[in-house]
Protein chains: 2
Amino acid sequence: MRATTIRDVARRADVSVASVSRALNGHANVHPETRARVAAAAAALGYVPHAGARSLSLARTHSIGVVLPDLYGEFFSEIVRGMDRETTARGYHLLLSNMHADAELAALAMRSMRGRVDGLIVMAPQLDAAGLAAALPRDLPAVLINAAAGTGCPLLRIDNATGIDAVVAHLAATGRRAPVHLAGQEANIDGRERREAFAAAMARHLPGAPVRVVEGDFSEEAGARAVAALRAAGDPFDAIVAANDMMALGALLALRDAGTDVPGEVAVTGFDDVPLARYLSLTTVRIDLVELGGRAVVRLIERLSGSGEVDSGEAELVGAALIVRGTSAVATETRT
Amino acid sequence: MRATTIRDVARRADVSVASVSRALNGHANVHPETRARVAAAAAALGYVPHAGARSLSLARTHSIGVVLPDLYGEFFSEIVRGMDRETTARGYHLLLSNMHADAELAALAMRSMRGRVDGLIVMAPQLDAAGLAAALPRDLPAVLINAAAGTGCPLLRIDNATGIDAVVAHLAATGRRAPVHLAGQEANIDGRERREAFAAAMARHLPGAPVRVVEGDFSEEAGARAVAALRAAGDPFDAIVAANDMMALGALLALRDAGTDVPGEVAVTGFDDVPLARYLSLTTVRIDLVELGGRAVVRLIERLSGSGEVDSGEAELVGAALIVRGTSAVATETRT
DNA sequence: CTGTTAGCGCATTCAG
DNA sequence: CTGAATGCGCTAACAG
């Protein structure tokens with residue numbers, strides 16, 4: 001059976017489709033009786049407006065597209081949660097899509113959203129400004145998260161420098177002298193920034209100490225591998241400053257497996273403060289991921305409904321705060 | 001500047017819009033040269049088809065709507081992850097929406113998806129068959145997850161009975177004699193089923209022992225509260241069989257805080273096997289959440305593209321397997 | 001092979 | 001206050 005359309009309602013209420021449209025959308029200029037007849041007919045028929053047709057006519061879909069590197073892990077799900085909150089509060093919908101590392105596919109994914117959403121929230125830490133600019137559809141307003149600057153789009157960034165600086169300061173203050181940075185991919189903007197921030201922080205808080213870095217890729221396995229590599233190398237170290245929580249976790253478990261006392265011999269710190277971190281008592285840098293996602297939505301919707309006021313396009317930094325937990329607690333006296 | 005439409009492309013390639021449509025959609029009956037001219041024009045103009053208009057014309061959106069109780073927590077994000085995988089593999093998009101407990105709002109959320117998606121995946125553990133039937137739009141094919149039977153929609157259910165039975169059998173086999181069930185809400189179908197399964201399993205594996213149940217609501221806090229209540233009551237117990245992992249976690253942490261030895265004095269088990277469970281070494285029942293989400297998508301898309309072959313509408317049970325970890329390990333000898 | 005035409009379902013001009 | 005007509009952008013019949 002064909003779905004009931006506005007015409008069915010019009011016929012049953014014995015008015016024109018225009019009146020049905022006006023009545024149902026709460027326009028002022030509708031006779032009360034007409035409005036009632038329409039409402040009754042719609043109810044009787046179980047009429048539900050066709051959002052697609054509505055969108056085409058209004059040139060407004062009330063949905064926003066979200067393009068993320070991938071949907072796995074607590075990091076992303078926290079962000080999506082924040083987006084969802086703001087989005088439903090404003091009557092918008094969320095259309096998900098994950099962006100493949102390949103710029104070509106990324107562009108395809110974004111283009112496939114044209115006519116389906118009013119705007120885009122894109123998280124593309126692995127694309128540079130040029131790649132991003134090429135992939136972004138020209139006629140879709142976008143808000144970027146953790147992406148390269150210089151695309152002209154509003155941008156939300158994590159304050160990596162402040163976060164890493166706080167970590168290193170904390171370690172230095174609690175007596176650590178030989179920290180090693182467990183880095184994320186160089187191709188990832190956050191990986192790159194945190195690595196640079198580490199070097200800067202070392203110079204500030206432990207001048208003279210060597211800046212040691214082990215390569216990683218943000219995965220738990222990378223954390224374990226890094227520990228193995230460090231033990232093989234033999235150079236002593238008393239702290240691992242991981243570029244994110246999952247690597248910190250991998251390192252932490254590997255250290256404990258090997259019988260190393262954490263935090264006694266080695267301190268371990270992460271970044272992001274995913275929910276998991278609290279359970280494992282991991283010292284880390286807290287980013288309010290829910291807030292980050294929410295802000296992106298708010299900023300995009302403001303831009304969408306903005307009556308011409310242009311968004312400054314400026315990068316907005318979201319805070320990063322040190323959370324000290326068990327993996328970096330001051331070593332208690334070891335000697336009896 | 002107006003976005004470029006199919007007409008702009010037609011004008012530039014000096015052909016009709018019909019030819020552009022045919023060429024771009026890879027229809028056979030297009031002259032090679034025409035096809036090339038169209039492709040060139042489209043590329044030059046940076047033309048991207050308007051998905052909304054396309055949907056209206058084709059009566060097919062290539063998106064599927066997902067309605068979940070809420071998007072928080074690992075439980076849901078794992079499911080969404082599975083959906084995303086199958087969905088992108090098939091060229092579909094995912095439109096998220098969270099369902100409020102209120103049946104009225106739930107109905108609204110689902111209706112707002114009409115004309116926006118081709119079908120729905122609904123997870124509504126708290127609605128009964130009647131409520132669900134009332135909320136589901138009549139013209140949108142739907143697949144249900146963890147919902148009441150009898151709506152006529154294909155249904156995916158977790159095998160709660162098998163899972164709980166395995167837990168109780170394991171506890172009985174390892175010497176536990178006084179387990180307590182930490183239940184989910186009675187209004188939640190999984191909460192109800194697991195509670196009933198617990199009683200049945202007790203009768204089978206520990207005949208004669210009392211069936212003890214403490215009320216909870218699937219939250220971590222409920223786990224802590226339950227432990228407090230049990231200690232206050234004073235009745236001895238040697239195992240907590242929680243209806244989900246988060247409650248098990250809450251109970252576990254509360255027990256340890258109180259100095260109770262887990263698993264020495266009390267064993268703790270969960271249900272779901274969220275990623276967190278592995279890190280905390282929680283014995284639990286593993287459900288392949290990713291697979292669950294994926295199956296739902298596959299089943300829905302099959303139904304959407306099914307040439308009339310009616311889905312049996314039968315409930316499909318997804319497996320649940322016991323995972324023994326540290327919180328229920330056989331107590332090692334306590335005496336020296 | 002190609003162009004013309006008629007919708008998809010709805011909101012909105014513009015006349016009455 | 002209401003109805004008839006037009007168009008959103010695209011695809012699919014139907015003729016050429």
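As the structure is a computational prediction, the values presented were derived from the model and not from experiment. Every chain is numbered from 1, with letters handed out A, B, ... down the list of sequences.
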Practice problem: Using a strict 4.0 Å threshold on nitrogen-to-oxygen distance, state whether B:Asp8 and B:Arg11 make a salt bridge. | Solution: yes
Quiz item: Are the side chain of B:Thr88 and the backbone of B:Asp84 linked by a donor-acceptor contact shorter than 3.5 Å?
Solution: yes
Exercise. Encode nucleotides 7-12 of chain C as B, S and - characters from 5' to 3', where the letter depends on protein heavy atoms closer than 4.0 Å: B to the base, S only to sugar-phosphate, - to neither.
Key: BBBBBB
Quiz item: So, B:Glu78 and B:Arg81, do they make that salt bridge, N to O below 4.0 Å?
Solution: yes
Quiz item: If you look at every strand shown and take non-hydrogen atoms under 4.0 Å, does A:Thr34 touch a base, only sugar-phosphate, or nothing?
Solution: sugar-phosphate
Self-check item: Heavy-atom neighbours of B:Arg90 CZ exceed 12 at 6.0 Å
Solution: yes
Quiz item: Take atom CZ in B:Arg138; do more than 12 heavy atoms of anything else shown fall under 6.0 Å from it?
Solution: no
Quiz item: A:Val122 and side chain to side chain contact (heavy atoms under 4.5 Å, CB included): which partner among A:Leu68, A:Leu144, A:Val143?
Solution: A:Leu144
Quiz item: Does the pair A:Arg37/A:Asp14 count as a salt bridge with the N-to-O cut at 4.0 Å?
Solution: no
Practice problem: Using atom types as modelled and distance alone, determine if a side-chain donor or acceptor of B:Asp118 lies under 3.5 Å from a backbone N or O of B:Thr61. | Solution: yes
Self-check item: Outermost nucleotides of DNA chain D that come under 4.0 Å of a non-hydrogen atom of chain B
Solution: D:dC8 to D:dA13
